[in-house]
Amino acid sequence: MEVKTKPMIYWTLLVHDGWNLYLAATLKGLCFIGSQNQTFVELSDWANKHFPGSPVVPDDGKLQPYLTELIEYLQGKRKCFTKPIDYKGTPFQLAVWNALCEIPYGQTKSYSDIANHIQKPAAVRAVGAAIGANPILITVPCHRVIGKSGKLTGYRGGLEMKTQLLKLEWEGSQVNGGALHV
């Protein structure tokens, strides 16, 4: 009888230029980027829910490649991420998250655009729920999804964080009053 071991979850805290984000990874890849100023308890709760029984241990070294890419992105030096990701979800969630990864840097899509892209045009609300469950903020760019009218809508990290991320990508554009103006 083969005994399966639980994957280790390694974590670190990115503190850079006003950003405070928890990151976590398995040996397969990045599995979590938290919201701005999220607590370790929230990371731990997330890990226990999605990787039950897996040890959650600090390891700055294992997360360094992810930290480097994320800091480069926050500095405006990187437009895409190359390090592996390891997300767990339903087949529908994975389809939505993969579609998010196809939104180019500096561009946005609506929830209905994503629903159409995954060939589920009637599933706009379900797309919104899947986007809200995205465990890897920024790298899986759910901040690039806005309302059909151009209005900024819900974001697990909060609308202020969403606005900051869009401003990073859209130099010269304005995000005011909940609407995006180019």
Side-chain angles (χ1 to χ4, degrees), residues 14 16-19 21-25 28-36 38 63-182:
L14 175 142
H16 173 77
D17 198 25
W19 291 91
L21 304 167
Y22 279 98
L23 281 69
K28 292 181 182 178
L30 188 66
C31 62
F32 181 85
I33 295 179
S35 305
Q36 176 74 316
Q38 189 172 30
L63 276 289
Q64 190 58 53
Y66 304 104
L67 284 170
T68 298
E69 282 199 347
L70 196 53
I71 289 169
E72 289 171 353
Y73 168 83
L74 294 172
Q75 293 173 333
K77 297 176 182 176
R78 170 173 294 279
K79 293 183 179 182
C80 64
F81 296 93
T82 62
K83 300 300 176 206
I85 54 178
D86 181 17
Y87 44 38
K88 296 170 87 172
T90 67
F92 183 82
Q93 287 173 325
L94 295 174
V96 169
W97 299 339
N98 288 330
L100 296 176
C101 290
E102 294 177 23
I103 303 171
Y105 181 91
Q107 294 184 26
T108 57
K109 298 287 182 186
S110 70
Y111 293 91
S112 57
D113 291 336
I114 301 300
N116 288 328
H117 183 78
I118 65 168
Q119 300 178 359
K120 303 278 186 189
V124 175
R125 286 183 184 231
V127 164
I131 290 171
N134 171 21
I136 311 173
L137 298 181
I138 305 171
T139 301
V140 178
C142 53
H143 62 277
R144 295 180 187 152
V145 180
I146 61 174
K148 199 170 196 168
S149 67
K151 219 167 163 47
L152 297 187
T153 56
Y155 185 65
R156 180 170 62 87
L159 289 182
E160 183 179 328
M161 182 177 173
K162 185 173 190 164
T163 300
Q164 288 178 297
L165 292 170
L166 289 171
K167 282 182 178 181
L168 279 173
E169 294 187 17
W170 290 39
E171 285 185 356
S173 64
Q174 296 176 325
V175 183
N176 298 347
L180 185 64
H181 303 281
V182 182

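Treat the numbers as computed from the prediction; the structure is a model and nothing was measured. Side-chain atoms are counted along with the backbone in the values below, which use heavy atoms only and exclude waters and symmetry mates.
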Does [X] use its side chain to pair, donor to acceptor, with the backbone of [Y] at less than 3.5 Å?
{"X": "Glu69", "Y": "Thr82", "value": "yes"}
{"X": "Lys162", "Y": "Val145", "value": "yes"}
{"X": "Gln36", "Y": "Gly18", "value": "yes"}
{"X": "Thr90", "Y": "Gln93", "value": "yes"}

How close do [X] and [Y] get, counting heavy atoms only, and between which atoms?
{"X": "Ala123", "Y": "Ala115", "answer": "C-CB, 4.3 Å"}
{"X": "Leu100", "Y": "Pro141", "answer": "O-CG, 3.2 Å"}
{"X": "Pro65", "Y": "Lys83", "answer": "CB-CE, 3.7 Å"}
{"X": "Asn116", "Y": "Pro121", "answer": "OD1-CB, 3.0 Å"}
{"X": "Tyr22", "Y": "Gln38", "answer": "CE1-O, 3.2 Å"}
{"X": "Pro135", "Y": "Cys31", "answer": "CB-O, 3.6 Å"}

Handout entry: Residue pair Thr68 / Glu72, side-chain donor-acceptor N/O under 3.5 Å
Key = no
Practice task
Give a yes-or-no answer on whether the side chains of Thr153 and Tyr111 include a donor-acceptor pair shorter than 3.5 Å.
Solution key: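 There is such a pair (donor and acceptor under 3.5 Å, judged by atom type) between the side chains of Thr153 and Tyr111.
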Exercise for the section: Might you confirm whether atom CD of Glu160 has over 12 heavy atoms from other residues, nucleotides or ligands at distances under 6.0 Å? Expected result: no
Problem - Atom NZ of Lys88: over 12 foreign heavy atoms under 6.0 Å - result: yes
Spacing of [atom1] belonging to [X] relative to [atom2] belonging to [Y], to within rounding of 0.5 Å:
{"X": "Arg156", "Y": "Asn134", "atom1": "CZ", "atom2": "CG", "answer": "6.5 Å"}
{"X": "Asn98", "Y": "Ile114", "atom1": "CG", "atom2": "CD1", "answer": "11.0 Å"}
{"X": "Cys142", "Y": "Leu165", "atom1": "SG", "atom2": "CG", "answer": "8.5 Å"}
{"X": "Ile85", "Y": "Ile136", "atom1": "CD1", "atom2": "CD1", "answer": "4.5 Å"}
{"X": "Ile33", "Y": "Ile138", "atom1": "CD1", "atom2": "CD1", "answer": "5.5 Å"}
{"X": "Gln107", "Y": "Glu102", "atom1": "CD", "atom2": "CD", "answer": "12.5 Å"}

Practice task
Carefully, step by step, assess Val124 and Lys148 under the rule side-chain contact (heavy atoms from CB on, under 4.5 Å).
Solution key: CA-CA 11 Å; Val124 175; Lys148 199 170 196 168; over 6 Å; no
Side chains of [X] and [Y]: does their closest heavy-atom pair fall under 4.5 Å?
{"X": "Lys28", "Y": "Pro84", "answer": "no"}
{"X": "Asp17", "Y": "Leu74", "answer": "no"}
{"X": "Trp170", "Y": "Thr108", "answer": "yes"}
{"X": "His117", "Y": "Asp113", "answer": "no"}

Practice task
Walk me through it: do Ile131 and Tyr155 pass the test side-chain contact (heavy atoms from CB on, under 4.5 Å)?
Solution key: CA-CA 8 Å; Ile131 290 171; Tyr155 185 65; over 6 Å; no
Practice task
Step through it carefully: locate the ring centre of Tyr73, locate the ring centre of Phe81, and say whether they are under 6.0 Å apart.
Solution key: yes
Practice task
Walk me through it: do His143 and Leu137 pass the test side-chain contact (heavy atoms from CB on, under 4.5 Å)?
Solution key: CA-CA 8 Å; His143 62 277; Leu137 298 181; over 6 Å; no
Practice task
Over 60° means perpendicular and under 30° means parallel, so classify the ring planes of Trp97 and Tyr87, tilted if in between.
Solution key: tilted
Problem - Stepwise side-chain contact (heavy atoms from CB on, under 4.5 Å) test for Tyr66 and Thr139 - result: CA-CA 10 Å; Tyr66 304 104; Thr139 301; over 6 Å; no
